[in-house]
There are 2 protein chains.
Amino acid sequence: MPTAHTFFSDYLAAQKLKITPQRMIILQVFLENEGHMSSEELYDEVRRVDESIGQATVYRTLKLLADSGLAKQVDFKEGVARYEQNLGVAHHDHLICERCKKTIEIVDERIERLQEELAVRSGFVLTGHRMDLFGLCAECRRREDV
Amino acid sequence: MPTAHTFFSDYLAAQKLKITPQRMIILQVFLENEGHMSSEELYDEVRRVDESIGQATVYRTLKLLADSGLAKQVDFKEGVARYEQNLGVAHHDHLICERCKKTIEIVDERIERLQEELAVRSGFVLTGHRMDLFGLCAECRRREDV
DNA sequence: TCTCATTTTGATTTTCAATCTCAATTAACG
DNA sequence: CGTTAATTGAGATTGAAAATCAAAATGAGA
Ligand SMILES: [Mn+2]
Ligand SMILES: [Mn+2]
Ligand SMILES: [Zn+2]
Ligand SMILES: [Zn+2]
């Protein structure tokens with residue numbers, strides 16, 4: 001079981017890319033913050049560790065993390081890309097509260113099977129999917145309605 | 001069965017918004033072009049009818065069409081918003097070929113039910129969802145693999 | 001039909017995330 | 001080390017979308 005750092009280093013080496021302190025710090029900070037971070041948010045955290053690291057490097061490294069399989073890009077219709085950890089994390093979809101943005105991870109094997117079936121029926125081979133359920137969480141409903 | 005034009009006029013009146021030639025032309029052109037149009041694409045078509053109509057007005061009107069329920073915004077991860085007709089059009093999701101961008105509209109009642117069930121289980125009330133299946137269509141596979 | 005407050009328009013500027021550019025720096029490999 | 005190719009940070013650039021604003025148009029009422 002390789003650590004994420006080893007995993008990333010291996011990936012970089014395999015791609016003939018360089019292992020730099022910036023990349024390792026960004027990975028480190030990414031791993032420490034669970035959830036669904038935007039590049040901007042990650043940048044803010046990264047600066048605390050090393051304020052000399054630039055925006056562009058965070059953007060670039062986040063792409064590398066996604067390419068390596070360590071991170072996965074998600075989007076919740078906010079106009080910014082978010083990234084979640086993906087190493088050893090099982091596939092899941094999202095249930096998002098439109099009011100407070102709380103995000104719950106969900107999976108339903110039956111849905112996954114039906115998606116496959118639907119694609120096949122149209123002659124497609126599935127490479128991936130995106131399913132986001134939008135709604136109002138219990139707390140927000142309590143506050144909202146009345 | 002009101003026509004789309006009547007529907008839109010009624011909506012505008014109800015919102016105390018004005019019925020303008022620009023809005024009616026944009027609606028007209030939107031209705032004539034089926035599929036999933038971007039604002040840019042719609043703008044190009046609109047110019048043929050009236051070249052004095054501006055970009056901004058197309059953006060603004062497309063939003064109004066969506067607000068009224070005549071149009072629905074969709075996005076296929078291209079970085080541009082697209083709109084499809086929504087008046088009297090049943091809900092559906094999309095199956096998209098990642099290579100040629102061909103888009104097939106799909107629905108599966110069983111999936112819709114399971115989505116509802118999943119949301120309820122987490123205490124949410126669903127307001128909507130987005131499900132996009134990405135893959136390779138039969139033709140593209142034939143060309144691609146070999 | 002005329003008046004006129006309010007809305008809308010087109011041109012333009014602005015925003016904002018994301019990407020690109022480039023000269024200076026640095027990692028990697030022998 | 002020394003060489004070379006990759007990387008960096010700062011700043012410029014992009015592109016979609018939204019905001020601004022003065023001029024024009026709508027439409028409710030007189
Ligand atoms: Mn997640
Ligand atoms: Mn559609
Ligand atoms: Zn909530
Ligand atoms: Zn295809």
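Computed from a prediction, not measured in an experiment: that's the story for all the values here. Numbers restart at 1 for each chain; the letters A, B, ... are given by sequence-line order, proteins then strands.
- Separation of the B:Y83 and B:H36 ring centroids does not fall under the 6.0 Å cut-off.
- For an aromatic pair to be called close, the ring centres must be under 6.0 Å apart, and B:H129 with A:H94 fails this.
- Atom CD of B:Q15 and atom P of C:dT6 are 18 Å apart (whole Å).
- Here A:S38 lies out of heavy-atom contact (under 4.0 Å) with every strand.
- Rounded to whole Å, atom P of D:dA18 lies 14 Å from atom CD of B:E40.
- Sorted by residue number, the members of residues 73-87 of chain B with any non-hydrogen atom under 4.0 Å from DNA chain D read B:G79, B:V80, B:A81.
- Side-chain atoms of B:T6 and B:T3 form a donor-acceptor pair, as typed in the model, at a separation below 3.5 Å.
- Of the two residues contacting DNA chain C, namely A:S39 and B:I53, the nearest-nucleotide position lying further toward the 5' end is that of B:I53.
- One atom, CG of A:L12, and another, P of D:dT7, lie 8 Å apart when rounded to the nearest Å.
- Heavy-atom contacts from other residues, nucleotides or ligands closer than 6.0 Å to CD of B:E78 number more than 12.
- A side-chain donor from one of B:T127 and A:E98 sits under 3.5 Å from a side-chain acceptor of the other.
- At the phosphate of D:dT8, OP1 or OP2 sits under 4.0 Å from a side-chain N or O atom of A:R23.
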Q. Just by protein heavy atoms under 4.0 Å, how would nucleotides 24-30 of chain D read 5' to 3' in B, S and -?
A. -BBS---
Write down the protein N/O and nucleotide N/O pairs, taken from nucleotides 19-21 of chain C, whose separation is under 3.5 Å; answer none if there are no such pairs.
unit_1 : atom_1 : unit_2 : atom_2 : d
C:dT19 : OP1    : A:K63  : NZ     : 3.3

